[in-house]
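Read through the structure below, which is laid out as structure tokens, and then see the notes.
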Amino acid sequence: MRSFTYERAASPADAARAVAATQGAKFIAGGTNLLDLMKLEIERPTHLVDVQDLGLDAIEETEEGGLRIGTLVSNTALSAHPKVRRDYAVLTRAIQAGASGQLRNKATTGGNMLQRTRCSYFYDTNMPCNKRKPGDGCAAIRGSSRQLGVIGTSDSCIATYPGDMAVAMRVLDAVVETVKPDGTARSIPSAEFHRLWGDTPHVETVLEPGEIITHVRLPAPLGGRHFYSKVRDRRSYAFALVSVAAVIQSDGTGQVAFGGVAPRPWRLPEADAQLRNGAAAVVRTAFADARPTEDNKFKIPLAERTLAGILAEAKG
Amino acid sequence: MEFNAPAGENLFDRSKVVGKSTRRIDGPLKVSGRAPYAAERHDVAANQAYGWIVGAGIAKGRIRSMNLDEARKAPGVIAIVAATEHNAVGSSDWNIAPLFGGRDIAHYHQAIAVVVAETFEQARAAAGLIRTSYDSADGRFDLETAKEKSKVGTGFSGDKSESTLGDFDSAYGSAAATVDATYTTPDESHAMMEPMASIAAWEGDRLTVWTSNQMIAWGKKALASILKIDEDKVRVDSPYIGGGFGGKLFVRADAVMAALGAKAAGRPVKVVMQRPLMFNNATHRHATIQRVRLGADQDGRITAIAHECWSGNLDGESGEDGTLQTPKLYTGANRLTRSFVAELDLPEGNAMRAPGEAVGHLALEVAMDELAEKLGMDPVELRVLNDAKDTVPADPDTKISDRNLVRCLREGAERFGWSKRNPQAGGNRRGRWLTGMGCAAGYRAGPTEKSAARVRMDADGGFTVETDMTDIGTGSYTIIAQTAAETMGVPLERVNVELGDSAFPASSGSGGQWGAASSTAGVYAACVNLRRAIGEKLGFDADAATFEDGKANLNGESWEIADAGALSADGEMTYGDFKDGYDVGTYAGHFAEVKVDAFTGETHITRMLSVCDAGRILNPLSARSQVIGAMVMSAGATLMEDLHVDKRFGFFANHDLAGYEVPVHADIPHQECVFLDTLDPIISPMKAKGVGELGICGPGAAVANAIYNATGIRVRDYPLTLDKYLDRLPAIA
Ligand SMILES: Cc1cc2nc3c(=O)[nH]c(=O)nc-3n(C[C@H](O)[C@H](O)[C@H](O)COP(=O)(O)OP(=O)(O)OC[C@H]3O[C@@H](n4cnc5c(N)ncnc54)[C@H](O)[C@@H]3O)c2cc1C
Ligand code: SF4
């Protein structure tokens, strides 16, 4: 870990300005992802701006009947909130399928959206990795890629966004609210928040330098039945091989997003439209452009079978 | 004391302490955080500095240059010992690649420098500033390819790993039912909770290393030889060990780099091997390819049995011998076992819990399941029918000391409800779940090693046992205290146990499941000598007397043993040749029940049972912990543990605990372990055998067989992850 300077910001705009003002500065929230990466020198921020004093730790009801979640709301608090459990159960289930109790106590909403990939080569600084070092090459493409992405990847990077919470956020059409260093606020639909890697896999979201997440907004509840199925090699404390978040209405229509397969929670409206035609039709549509490796091509049939399990339960 | 004839009836047959479930005497220290593990020994040497190991960034080749300038100037840095400025260290009998090898790189993450600084963070930060460039050389990283050039390896005894009996080929050729199946097991990591850790301090030319090591006497010898100093000048101390599983049988780079760092810094240095280095710097269990061929007559009697195994290592000699149990488990007149080793340039393979057998059972015991199905026989019955009786099947000149495998299987079947198993594989579906049961037999040798101890009695009749035996979480402290309390006839509370210091008499150490049987026998020997010293002092024949409640009794007379005053005796148990005519083994019947998700292929173990035959169980409570822990590890090997070999770069890519998955609590909902009340008079006066490795010999095969019973899908490529059989699961609507 390199030495760094540290400050605590008093307002979102101050925080944004502070990060924009210093080359190599970063925000720190729960620190559960950033500090691990700093110890391994994968992240080497020169300056940290701590956002914990910003008071953004409330869950408020919105006029449109949804919820507005402060970025500092912990994963534990968010998943346990009575309204979330009742109206957005897919979110509760997704959060609780992730990490461990201790980590969820510390992890924040914004930090979770921004957690970085778990590609083994990203974690080993002896290995070439375009995401760590643009232009370095990608060790994973012909290497150990069982965990990695099958769609939305590129010739530069085949890593995934590894998290769970954001997959549910995507199915719920959550909106990320931010403040930029100049003080202006904007709302980013979760569909647009994470970028596909293209040839700049080190740029992972549409956030601009210094732009801070203040809230994540959930639209009015969708109703229906909520599912989150996370498939992995052990029953807890592992990232998804494939996860499926779905909200299914009694008429069989609904929304579905896939985790563990792409640079972002993977959802296509045209795939949602296939829900009444069954899992195979959905997956055929959602993964039409898939480019899996030999190691991870199982993820596509696995996605189909996992969704089929959900649809069977939704019917039963 | 030499154990040179089978044990007759002795005091342990009337025991009050030994054999009783006893809570760990070191438990309160451990659960309250007061048992100091190697890295926490802040008090043993003043002014400790911190060392950080730098691992090689290539798998094979040579270091061209190391730029140390920036690191040397970094805050807090005291010294850097770097491969470009230092010759390779010496070798030892316990490792292949040098633990610090100069410019030559033998494997990925081999230590190439240690940075010593005032704080841990400063050492780590400075290490990040070192720039190393390499000339890479080509290496051999693929077992499947390297296998072509493999040769028969050597076993622990130094003998060639092969044996034949009768005429396998013709018996197999004419068998009524045959199985010919090839299984693969991956490289595995010990992944113990406490990584390697050492604090080293020099006083002139004398070196003390406070470390985490299973085998103190080996460690002392190895350090002397690696550092080229006199063995008498080395002290190794390791009273608490946070798990080893064979990974700490040997001195590794933490101790060596701490010693070199301390010399360079001129003060004590602590080195904890960082977790991401543990997988490639330290040792691992070798991957195997195993071919098993079984031939049987119509009734299920095995007539031909062959087991061949291929693994690889740096020296092309010492591999993972998956065939070890095969000469012992089942009868059959025509046999062949052979273990080949190829040269590979991956990190060094070495012992991991039940080396050989742990993965050998994953092949042999699944092949037995396959044979049972071909014969239309119940898998328990097939094993019972082919049970060996009095002599070792592959070596009829060797007698079996005591064997109750059939009881293990029968009792296990009864307790587990085996009769409810549907023999039709894939035949049980409830909702989305396919359920099934599987069984396996288990064999692991029950070795003994000579072991010494010292027992001191204080003036007030308190006792202290001193031996360099180690407690790797197994419960050695407690069984040693039980043995001394029993032999001296005093309550357990009167016995204090000090372990792990090379200044104490040399014990068997902990490994190969010999520790419990051997170290307690050594303590018994020392206690017998102390009893004699007491008898001499007080004027009675100690060998004829009984010791009870702090008194010695003989012919109606009684002596307070504390009246003898402070006394001390050393003793060592050694073993006579008579044992050579016997095979001393431990046996188990393992059972598992699973449910497999018909949609996703996820396997959930629902129940596990192991019934164990391991002689006298010294402490049922801690023995149970050993077995259930091993069952977890065995389940992990079957379901998930897998070091991913990157065959281009030559290393294990998933080198942290996020990438290398071991079971979590949720994976193991219900376990049961039963010990048969057996005694083995051939092993030692205690008639007790180890269990720590028996528990990893077979449960994983029972899980694999249960998955087959549930799904009707046989996967022979471990771990049995869902991607390997997704396409064979029932079709979805
Ligand atoms: C062992 C382990 C297992 C895990 N398992 C899972 C799992 O199964 N599923 C899962 O989903 N996750 C898992 N995680 C990841 C965990 O969810 C994340 O580490 C956590 O959510 C990150 O939140 P944080 O507040 O600690 O973020 P930090 O580490 O503080 O920050 C993460 C990133 O977000 C940026 N950031 C933080 N807040 C803001 C803000 N308000 N505006 C702009 N940028 C910001 C930081 O600069 C940093 O780049 C696991 C983590 C660990 C360590
Ligand atoms: S897949 Fe992406 S993160 Fe992994 S090595 Fe390649 S570039 Fe790096």
Side-chain angles (χ1 to χ4, degrees), chain A residues 1-4 36 38-41 44 99-100 118-121 123-128 139-140 142-147 162 229-239 241-242 244 278-280 294-313 315-316, chain B residues 55-58 74-75 108-109 121-122 124-125 127-129 132 274 276 280 431-432 597-605 636 639-642 644-649 651-659 661-669 719 721-727 729 732-733:
Chain A
M1 188 188 273
R2 299 297 170 91
S3 57
F4 55 89
D36 281 1
M38 286 169 66
K39 289 175 193 166
L40 294 165
E41 299 211 350
R44 297 195 285 192
S100 66
R118 293 279 163 171
C119 170
S120 300
Y121 301 92
Y123 271 82
D124 187 332
T125 48
N126 292 317
M127 291 293 133
R142 264 169 292 280
S144 166
S145 61
R146 183 168 174 270
Q147 282 282 344
S229 292
K230 180 177 182 183
V231 184
R232 44 193 156 168
D233 292 323
R234 64 179 175 192
R235 291 184 68 186
S236 171
Y237 211 40
F239 287 92
L241 295 168
V242 164
V244 181
E294 199 50 39
D295 275 5
N296 69 19
K297 63 176 196 242
F298 74 94
K299 287 190 172 196
I300 299 164
L302 181 59
E304 180 185 332
R305 300 188 70 99
T306 309
L307 178 60
I310 288 176
L311 296 181
E313 231 179 284
K315 263 191 215 135
Chain B
I58 62 164
Y108 194 72
H109 274 172
E121 289 77 9
Q122 287 170 331
R124 181 175 63 189
L129 299 171
T132 307
Q274 52 269 34
N280 287 282
R432 67 188 295 158
D597 189 321
F599 286 95
T600 63
E602 289 161 285
T603 294
H604 295 182
I605 294 173
L639 295 180
M640 65 193 81
E641 290 193 42
D642 186 4
H644 302 166
V645 182
D646 185 309
K647 291 172 190 164
R648 307 156 307 160
F649 294 102
F651 77 125
F652 302 128
N654 51 337
H655 53 70
D656 60 29
L657 288 177
E661 291 181 20
V662 299
V664 294
H665 279 94
D667 290 308
I668 313 286
T721 48
L722 54 90
D723 46 312
K724 295 175 184 163
Y725 53 87
L726 206 54
D727 56 348
L729 284 169
I732 48 173

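Throughout, a chain's letter reflects where its sequence line sits, starting with A, and its residues are numbered from 1.
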Qualifying residues under salt bridge (charged side-chain N to carboxylate O under 4.0 Å, His left out), relative to Asp667(B), sequence neighbours excluded:
none
Apply side chain to side chain contact (heavy atoms under 4.5 Å, CB included) to residues Arg124(B) and Met1(A) and explain how you reach the verdict.
CA-CA 7 Å; Arg124(B) 181 175 63 189; Met1(A) 188 188 273; 3.6 Å; yes
If you compare all heavy atoms of Ala666(B) against all heavy atoms of Ser236(A), which two are closest, and at what distance to 0.1 Å?
CB-CB, 4.4 Å
Does any backbone or side-chain atom of His665(B) lie under 4.5 Å from a heavy atom of chain A? Answer side chain, backbone, both or neither.
neither
Best-contacting candidate, Asp656(B), Thr600(B), Thr603(B), Asp723(B), against chain A by heavy atom pairs under 4.5 angstrom
Asp723(B)
Scored by heavy-atom pairs under 4.5 Å with chain B, the best of Arg146(A), Arg118(A), Gln147(A), Glu313(A) is Arg146(A)
Atom CG in Asp295(A), atom NE2 in His644(B): separation rounded to 0.5 Å?
8.5 Å
Let's test your reading of the structure: which of Gly55(B), Ala658(B), Ala125(B) forms the most heavy-atom pairs below 4.5 Å with chain A?
Ala125(B)
Looking only at Met127(A), Glu41(A), Arg232(A), Arg44(A), the option with the highest number of non-hydrogen pairs under 4.5 Å against chain B is Met127(A)
Bottom line for Leu729(B): the part with an atom under 4.5 Å from chain A's heavy atoms is both
Give the member of Leu639(B), Asp727(B), Asp597(B), Leu722(B) that has the highest number of heavy-atom pairs under 4.5 Å with chain A.
Leu722(B)
Donor-acceptor under 3.5 Å (Arg234(A) side chain, Val662(B) main chain):
yes
Answer key: most heavy-atom pairs under 4.5 Å with chain A among Gly659(B), Gly128(B), Pro663(B) is Gly128(B)
Listed by chain and number, what are the salt bridge (charged side-chain N to carboxylate O under 4.0 Å, His left out) partners of Arg648(B), not counting sequence neighbours?
Asp646(B)
Counting only N and O atoms by type, is there a donor-acceptor contact under 3.5 Å from the side chain of Arg305(A) to the main-chain atoms of Ala598(B)?
yes
Under 4.5 Å heavy-atom distance to chain B, tell me which part of Pro162(A) shows up: side chain, backbone, both or neither.
neither
Choice from Thr125(A), Val231(A), Thr306(A) maximising heavy atom contacts with chain B below 4.5 Å
Val231(A)
Before you tell me yes or no, could you show the steps for Tyr108(B) and Asp124(A) under side chain to side chain contact (heavy atoms under 4.5 Å, CB included), namely the whole-Å CA-CA distance, both residues' side-chain angles and the distance that decides it to 0.1 Å?
CA-CA 12 Å; Tyr108(B) 194 72; Asp124(A) 187 332; 2.7 Å; yes
Chain A heavy atoms under 4.5 Å from Ala74(B): which part of the residue, side chain, backbone, both or neither?
neither
Which class fits the ring pair Phe651(B) and Tyr121(A): parallel under 30°, tilted 30 to 60°, perpendicular over 60°?
perpendicular
Side chain, backbone, both or neither of Leu307(A) within contact of chain B (heavy atoms, under 4.5 Å):
neither
Distance-only donor-acceptor check, side chains Tyr123(A) and Asn654(B), under 3.5 Å
no
One option among Arg2(A), Lys299(A), Lys297(A) has the most heavy-atom pairs under 4.5 Å with chain B, and it is Arg2(A)
Leu40(A), part contacting chain B, at a heavy-atom distance under 4.5 Å:
side chain
Minimal heavy-atom distance between Ile732(B) and Glu304(A), with the atoms involved, is CD1-OE2, 3.8 Å
Is it the side chain or the backbone of Glu661(B) that comes within 4.5 Å of chain A heavy atoms, both, or neither?
both
Less than 4.5 Å to any heavy atom of chain B: does that hold for the side chain of Ala139(A), its backbone, both, or neither?
both
Of the listed His604(B), Arg432(B), Gln122(B), Gln274(B), the one with the largest count of heavy-atom pairs under 4.5 Å with chain A is His604(B)
So which of His655(B), Lys724(B), Glu121(B) has the biggest tally of heavy-atom pairs under 4.5 Å with chain A?
His655(B)
Checking heavy atoms, do the side chain of Leu657(B), its backbone, both or neither come under 4.5 Å from chain A?
backbone
